[in-house]
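A quick write-up on the structure given underneath.
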2 protein chains.
Amino acid sequence: MITVSRAINTPQQVSPATLEKVNAAIAALGYVPNLMAGALRLSRSHLVTVLVPSVAGSLFAGMLTALTESLDARGYQLMVGQSGYDVPREDALLRAIIGRRPDGIVLTGVMHSPQGRRLLQASGIPVVETWDTTATPIDMLLSVSHEQIGAAVSRYLFEAGKTRLAVLSGDDERAHLRAASYVRAALAMGLPEPVALYLPAPTTHAQGREGLRALRRSGKDIDGVFCTSDLMAAGVLTEAMVQGVDVPGQLAVVGFGDMDIAASMSPSITSVHVDGAAIGAKAAEMIAARAGGQRPAASIVEIGFRIVARESA
Amino acid sequence: MITVSRAINTPQQVSPATLEKVNAAIAALGYVPNLMAGALRLSRSHLVTVLVPSVAGSLFAGMLTALTESLDARGYQLMVGQSGYDVPREDALLRAIIGRRPDGIVLTGVMHSPQGRRLLQASGIPVVETWDTTATPIDMLLSVSHEQIGAAVSRYLFEAGKTRLAVLSGDDERAHLRAASYVRAALAMGLPEPVALYLPAPTTHAQGREGLRALRRSGKDIDGVFCTSDLMAAGVLTEAMVQGVDVPGQLAVVGFGDMDIAASMSPSITSVHVDGAAIGAKAAEMIAARAGGQRPAASIVEIGFRIVARESA
DNA sequence: CTGAAAGCGCTTACAG
DNA sequence: CTGAAAGCGCTTACAG
């Protein structure tokens, strides 16, 4: 066992003859060392956990892919947890995660529950909060300002000559931040108060269609709408086409996420781009640096966003 | 430590007074037991690994969600690996997975590489192959027949009066099976040989648009097309709209996956439904049964499919 | 270059 | 009801 361990980890410390015998035996038996035992011994699990609201959501797909690949390249594996749960459930999930002693934890959004913050802090595991912003991160932060995004979209539509705004928003926390800030910015520019509709996340194409119908039923004469996801924006386009509403002439539409479909629709969809792949890659890098004993260059990194102007607005 | 372990796992074996003291200390310290150590001792990791071609793909989203939730309900956690790799890479990935000693491994597709099969078999870990079919599963199988699907879609289009068929397919293995069988079935019904276009997976809306343009450039007068994903089918609809092609009159379109967007597009998309959620839930159930020492009722389960008829075909 | 020994943090059968 | 001891499968400093 000792020699086997050395043959695998430090083959130069083993004589060629022995090495050959050991390798033959390994191949014959299909032996794969137990990484958990090694992890226990070295207290390095080479495991990283990410918590997403839902694995099915396409918004975080870019981040997940980049995270998986960046970690993989560094010899880490990714565990995925779904955090779209009530608070007591989240506590249990957090305990299950910390119990595995991952070398890092990536959170989608910031952790607000004091109980959760305490658990994470006490664990001593490197934590990266992402996709949101806060003055008091638990540890590291890849910051995205949904308030800035909401305000920027409001301004964008205003500058495109639209004045009667609406927002179709998911009912998750970050979508709420965007929507609220969008409404505030519109009011600050002297526009009438935008109509805000909140729909259960993750938002869908069908909700986009239903959302536009609801807006038109409301009787308000809307000329610009911000959707919480590109799928939803595509749904709005479909409904607009069916109802004979001209986009962007009568109605400008802005999406969020800059998915493939946004560029490829007709009309193509103006959308807010947030670099999810950069978030994933950066998070992997920060955690690997920590595990290697270094302080990362900066523990708070601003991710930023841009509005990709296309035909729909 | 002994008493702490008992306080957590078998509190009825500890006096109320001691229990209270221990719990107070646990809360004060934020102590979370090391599950890896427990796993090593009990050789039950309560970890399940799933290998998907890509985390970003929406086709397996339903399976992943169901798998996460079903496992969670049984006290298991899910690890996710991306298998969209070359063969030597897959070998390394498999070793990294087996090294963690998960209580089960869920594979998307069947494992063909003899090397991979050997490793998995030697590991003794319960394996569930899914989303494909084979006469020689490694262990358990949740079988989906892509050959039957391809033939059924061919027949469906024929019965709808379409005779000049095409297929826009991803270049992954299972999509190839569907496309090849679709072509064979068309020939068997006496139709001219369908045009098959293969595009890099995961397929996108943009590829659907480009695919239809390519089909039209080819000069063949196509009246029915089977797309490897609903997103691609939506892209075909967009391109058809732009080019003024009537769907389904001039061109019938069938998708695959029965995503939300299929029902919600206009025209709505006829699509092949495979119950991914059932695959996820069933896989979790089979693995949990094995870990509990039982043989599962059946180690090969046919999942089946149905064509959901909508406006596009 | 190779082996015996200790220890990572748990759990559990065994005494007390 | 509570504690001392062994052992899960590794890795590594220490002898030989």
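The analysis underlying the following values was restricted to heavy atoms, covering all of them including side chains, and did not include hydrogens, waters or symmetry mates. Just so it is clear: chains get the letters A, B, ... in the order the sequence lines come, proteins before strands, and each one is counted from 1.
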Between [atom2] on [N] and [atom1] on [X], what's the gap in Å once rounded to a whole number?
X        : N      : atom1 : atom2 : answer
A/Leu40  : C/dA6  : CG    : C1'   : 13 Å
A/Arg101 : C/dC8  : CZ    : C1'   : 12 Å
A/Met36  : D/dC8  : CE    : C1'   : 11 Å
B/His46  : C/dC10 : NE2   : P     : 16 Å
B/Leu35  : C/dT11 : CG    : C1'   : 13 Å
B/Gln12  : D/dT2  : CD    : P     : 13 Å
B/Glu20  : D/dT2  : CD    : P     : 13 Å
A/Ile98  : C/dC10 : CD1   : P     : 14 Å

task: Determine, step by step, whether B/His146 and B/Glu173 satisfy the side chain to side chain donor-acceptor pair (under 3.5 Å) criterion, reporting the C-alpha distance in whole Å, the side-chain angles of both residues, the deciding distance to 0.1 Å, and the verdict.
output: CA-CA 10 Å; B/His146 296 277; B/Glu173 202 186 316; over 6 Å; no
statement: Encoded 5' to 3' (Watson-Crick or G-U under 3.5 Å; [ ] crossing; | other strand), DNA chain D becomes |||.||||||||.|||
query: If each of A/Gly38 and B/Leu19 is mapped to the nucleotide of DNA chain D with the nearest heavy atom, which maps nearer the 5' terminus, i.e. the 5' end?
result: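 Comparing both residues, the 5'-ward one is B/Leu19.
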message: Both B/Ser43 and B/Pro16 contact DNA chain D. Taking the nearest nucleotide for each, which residue is further toward the 5' end?
response: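 Of the two residues, B/Pro16 wins.
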Counting C-beta onward and ignoring hydrogens, is there a side-chain heavy-atom pair between [X] and [Y] closer than 4.5 Å?
X        : Y        : answer
B/Gln12  : B/Thr10  : yes
A/Phe256 : A/Thr228 : no
B/Ser299 : B/Leu141 : no
A/Ile105 : A/Leu120 : yes
B/Asp103 : B/Ile125 : no

- prompt: Which nucleotide, D/dT2, D/dC10, C/dC10, lies nearest any side-chain atom of B/Ser15?
  reply: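 For the B/Ser15 side chain, the nearest candidate turns out to be D/dT2.
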- prompt: Does A/Thr3 place a side-chain N or O at less than 4.0 Å from the phosphate oxygens OP1/OP2 of C/dC1?
  reply: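 No, outside the criterion.
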- request: Determine: side-chain N/O of B/Tyr31 to OP1/OP2 of C/dG9, distance under 4.0 Å, yes or no.
  value: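 Answer is no, no contact under 4.0 Å.
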Charged N-O contact under 4.0 Å between A/Asp139 and A/Arg290: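 Salt bridge: yes.
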- request: Give the ring-plane orientation class for B/Trp131 versus B/Phe60, where under 30° counts as parallel, over 60° as perpendicular and anything between as tilted.
  value: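 B/Trp131 vs B/Phe60 ring planes: perpendicular.
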With the criterion being N/O to N/O and under 3.5 Å, what pairs connect the protein with nucleotides 12-16 of chain C, and how long is each?
none

message: Can you tell me which residue among B/Ile287, B/Val128, B/Thr68 is in a side-chain contact (heavy atoms from CB on, under 4.5 Å) with B/Val48?
response: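 One option only clears the test, and that one is B/Ile287.
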